[in-house]
Amino acid sequence: MDWGLKNRLSRIINPKTGKVVMLAVDHGYFLGPTSGLEDLKKTLDPLIPYADTLMLTRGALRTAVNPDFNIPIMLRMSGGNSIVADDLSNEGITVSMEDAIRLNVSGVALSVYVGSEYQHQTLLNLAKLIDEANRCGIVVLAVTAVGKEMTRDARYLSLACRIAAELGAHIVKTYYCDEFEKVVNTCPVPVVIAGGKKIEEKDALKLAHDAISRGATGVDMGRNIFQSDAPVPMIKAVRQIVHKKASVDEAFELYNSLKKKRKK
Ligand code: R5P
């Protein structure tokens, strides 16, 4: 691995703990003005100091993030579809590597849809992006998107993560599932989990805790942070789990106490 790539990887994944709290706010690329992200800058400003890495689109980066903020960027590079389409898997590459470099990103992210109609196309998108990223020393995060017809179980997610890693992704993002250790143990690169739909805060903390204790390198969490009643206390509680090995109860207690203080 060359110096630039290693350096970017160490900006994304904290070398002291070997873990990452990535804040995902890229939802607008196919969902439009997602609840909690209508005014992206207002949502992001208080959260950025507590995120190790920020995952978003180039439009969001340019319009909602102060370039003075020294936060590593994971830029979403795939898209071309919307929630009103029948099949979300028909994605292409939407940003050039030249523009990603101009934006000084640490990593680029792209979704693959294993088992879907456009599996072949999205896997070739990933391979192409990895070739370009390798030339520039940029980290590639493969997102294992799951079509409606797929089951989020260890068998399917292991398949999708392993294929992404075999194609050369440096980090894979997937969903938590029963027997999650099987997914991690058969994937040769770090695995981070998406949070998924908004659930109760304690349940989201348990999800993060279960994933970390079964081998995840971190979380790439969005809605369970920015749609929380108290986003800053929530991201701080997630950090305690990811970086400090806090229990679910300890993290939830922290969330509640910070939330209470905030209201005073
Ligand atoms: C989904 O396609 C996006 O990449 C999101 O970044 C991802 O789903 C993580 O966000 P959440 O925790 O809200 O699921």
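Remember, it's 1-based here, ligands and their atoms both numbered in the order they're listed.
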Worksheet item: In terms of atom number and element, which parts of ligand 1 are under 4.0 angstrom from non-hydrogen atoms of Arg223?
Response: 11 (P), 12 (O), 13 (O), 14 (O)
Item to complete: Tell me whether the centres of the aromatic rings in Phe226 and His27 are closer together than 6.0 Å.
Response: yes
Worksheet item: Atoms of ligand 1 less than 4.0 Å from Asp220 heavy atoms?
Response: 9 (C), 12 (O)
Item to complete: For Met221, counting its heavy atoms only, list the atoms of ligand 1 lying under 4.0 Å from any of them.
Response: 12 (O)
Worksheet item: Going by the order shown, which atoms of ligand 1 are within less than 4.0 Å of some heavy atom of Lys173?
Response: 4 (O), 5 (C), 6 (O), 7 (C), 9 (C)
Item to complete: Could you tell me the residue and atom name of the protein heavy atom closest to atom 10 (O) of ligand 1, and the distance to it rounded to 0.1 Å?
Response: His27 NE2, 3.1 Å
Fill in: Sub-4.0 Å heavy-atom contact, Lys198 with ligand 1
no
Worksheet item: Is there any N or O on Asp26 that sits under 3.5 Å from an N or O of ligand 1?
Response: yes
Discussion item. Please give me the minimum heavy-atom distance between Met234 and Ile225, naming the atom from each residue.
Written reply: CG-CA, 4.2 Å
Worksheet item: Is Gly196 near ligand 1, meaning one of its heavy atoms is under 4.0 Å from it?
Response: yes
Discussion item. Is there a polar contact between ligand 1 and Gly222, counting only N or O atoms under 3.5 Å apart?
Written reply: yes
Worksheet item: What are the two closest non-hydrogen atoms of Tyr255 and Ala230, and how far apart are they?
Response: CE1-O, 3.7 Å
Worksheet entry | Any side-chain donor near an acceptor of the partner, Tyr113 and Glu91, under 3.5 Å | yes
Practice prompt. Any atoms of ligand 1 less than 4.0 Å from a non-hydrogen atom of Ala24? List them with their elements.
Written response: 6 (O), 9 (C), 10 (O)
Worksheet entry | Nitrogen or oxygen of Arg76 less than 3.5 angstrom from that of ligand 1 | yes
Worksheet entry | Side-chain donor-acceptor pair present, Glu201, Ser228, cut-off under 3.5 Å | yes
Discussion item. Within 45 degrees of the ring normal and closer than 6.0 Å to the centroid, is that where the cationic atom of Arg152 sits relative to Tyr175?
Written reply: yes
Fill in: Minimum-distance pair of heavy atoms, taken over all atoms of Cys187 and Val172
SG-CG2, 4.1 Å
Worksheet item: Thinking salt bridges, do Asp210 and Lys206 make one under a 4.0 Å N-O criterion?
Response: yes
